[in-house]
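See structure below.
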Amino acid sequence: MSKHFPENFLWGSATASYQVEGGIENNDWAQGAREGQVPVCGLSSDHYHRFESDFDIVQSLGHNSHRFSIEWARIEPEEGKFDEKEIEHYLKVLQALNVRNITPVVTLWHFTLPLWFYEKGGFMHKDGARVFARYCAYVVEKLGNEANMWVTINEPLIWASQGFLKRNWPPYRRNFFSFLSATSALIRAHKLAYTAIKSVSATALVGIAKHNMYFYADSFAWNRFAVKCMVWFWNIRFLDAIDQFQDFVGLNFYITKKFGKKDTFIQTEMGWDINPAGLYQCLLELKKYKKPIYILENGLADQYDVHRAVYVRGHIESVKRAMKEGVDVRGYFHWSLLDNFEWSFGFSRRFGLVEIDYQTLERTVRPSAHVYKEIIEKGIL
Ligand code: BGC
């Protein structure tokens with residue numbers, strides 16, 4: 001294990017159900033694809049049937065942890081009707097990780113909604129938060145012996161802005177007030193889910209995955225003020241609201257935004273600036289919560305693996321720097337293990353440490369995955 005990091009530091013990668021499993025047809029995204037609003041996901045990488053061999057790859061890459069998500073539409077295909085067979089499936093997934101000594105981190109909701117929930121108004125429905133909390137408690141009660149770390153909600157503000165402000169994702173709205181009420185609905189949903197999970201498993205560790213950005217500015221006062229507003233509005237507001245309802249802070253870091261004259265960075269295939277120092281700054285910002293911090297996502301679209309090794313090294317270097325300054329970071333998860341369905345971009349963006357050939361579903365480990373392995377095992381940065 002790396003000499004710069006504690007023995008029990010979690011090293012891994014992350015995926016999400018709809019993006020990799022394949023064969024999910026009863027959620028809002030599959031419905032959107034049928035209506036031509038978003039790309040078709042179909043079989044994706046068929047991780048649903050290939051998780052065992054995918055976890056062999058995870059193990060061969062030296063990871064000691066893995067983050068994945070459970071598809072709510074599989075577990076509760078109709079309101080209040082739970083599918084035991086799907087619980088069995090995820091039980092096997094968890095056992096497959098545990099038997100390989102890979103600590104699971106489980107996301108309960110990663111963007112996709114069961115169609116029945118979506119159609120009745122989702123989180124905006126007056127019962128939305130309660131229905132979500134019931135689903136969360138059901139899963140933790142059934143699977144809690146195999147996992148201890150639970151993420152209720154992935155990136156609440158990304159979901160709300162893509163769906164309620166930018167019209168890119170279901171429910172395809174463009175209304176600032178809907179965006180605000182969607183985020184408030186998720187605050188309520190998380191709080192209820194947190195309490196419901198604790199009532200079935202007092203020892204479960206519960207948090208969210210919060211997408212924070214590094215905002216900075218040139219010397220103009222107005223731009224500096226804009227940074228302060230955005231840090232509060234985008235990074236801090238949601239986390240402050242759930243402060244009493246999280247056992248750890250989960251950070252997803254991808255994006256740097258400057259107000260004023262732009263700086264030049266190398267960019268990912270998403271057009272996002274690569275700036276590892278931004279991760280360092282975001283970590284410092286989270287110190288005030290005095291809770292363990294896990295980087296639950298960090299990665300890039302880089303089909304030919306040109307920048308990934310440098311990216312991984314740079315960002316882990318930033319983690320080390322933040323830890324030296326007293327930030328309590330306990331884990332790093334690269335996004336993603338596999339190439340996957342990148343939402344409105346379909347399969348055109350490649351985030352995987354492992355490449356997928358979508359004709360044959362063959363897996364090929366990208367060279368950067370070995371660089372990450374070396375960092376994990378030998379502490380070479
Ligand atoms: C999401 C992932 C997504 C990744 C890359 C995060 O916003 O949690 O689902 O694939 O970023 O865009």
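Indexing begins at 1, ligand by ligand and atom by atom, following the structure's order. Residue numbers run from 1 in the order of the sequence given.
Residues Y332 and H334 have side chains that bring a donor and an acceptor to within less than 3.5 angstrom of each other.
Remark: ligand 1 atoms within the under-4.0 Å shell around heavy atoms of F351 are 5 (C), 12 (O). The ligand atoms of ligand 1 that sit less than 4.0 angstrom from a heavy atom of H110 are 1 (C), 2 (C), 8 (O), 9 (O). Within the listing of ligand 1, atoms 12 (O) sit less than 4.0 angstrom from a heavy atom of W272. Interface atoms of ligand 1 facing F111, defined by a heavy-atom separation under 4.0 Å, are 1 (C), 8 (O), 9 (O).
The aromatic rings of W72 and F117 are tilted relative to each other, their planes meeting at an angle between 30° and 60°. Using cut-offs of 30° and 60° for the angle between ring planes, the W343 and H110 rings count as parallel.
L353 is listed as a side-chain neighbour of R308, based on a closest heavy-atom distance under 4.5 Å.
A salt bridge is defined here as a Lys NZ or Arg NE, NH1 or NH2 lying under 4.0 Å from an Asp or Glu carboxylate O, and K261 with D218 fails to meet this definition. A salt bridge links D56 with R100: at least one charged nitrogen is closer than 4.0 Å to a carboxylate oxygen.
Nearest to atom 7 (O) of ligand 1 by heavy atom, out of E155, H211, Q19, is E155.
Neither the backbone nor the side chain of Y18 comes within contact range of ligand 1; no heavy atom lies under 4.0 Å. Only side-chain heavy atoms of E342 come within less than 4.0 Å of ligand 1; its backbone N, CA, C and O stay farther off.
Protein heavy atom closest to atom 4 (C) of ligand 1, with residue, atom name and distance, is Y254 OH, 3.4 Å. For atom 6 (C) of ligand 1, the closest non-hydrogen atom on the protein side is E297 OE1, 3.0 Å.
Not a single heavy atom of F253 sits under 4.0 Å from any atom of ligand 1. Contact between N154 and ligand 1 is present, with at least one heavy atom of the residue lying under 4.0 Å from the ligand.
Looking at Y90, Y135, Y138 one by one, the single match for ring-ring contact (aromatic ring centres under 6.0 Å, His included) with F82 turns out to be Y138.
In this structure, R330 fails the cation-pi test against Y294, since its NZ or CZ atom is not both closer than 6.0 Å to the six-membered ring centre and inside 45 degrees of the ring normal.
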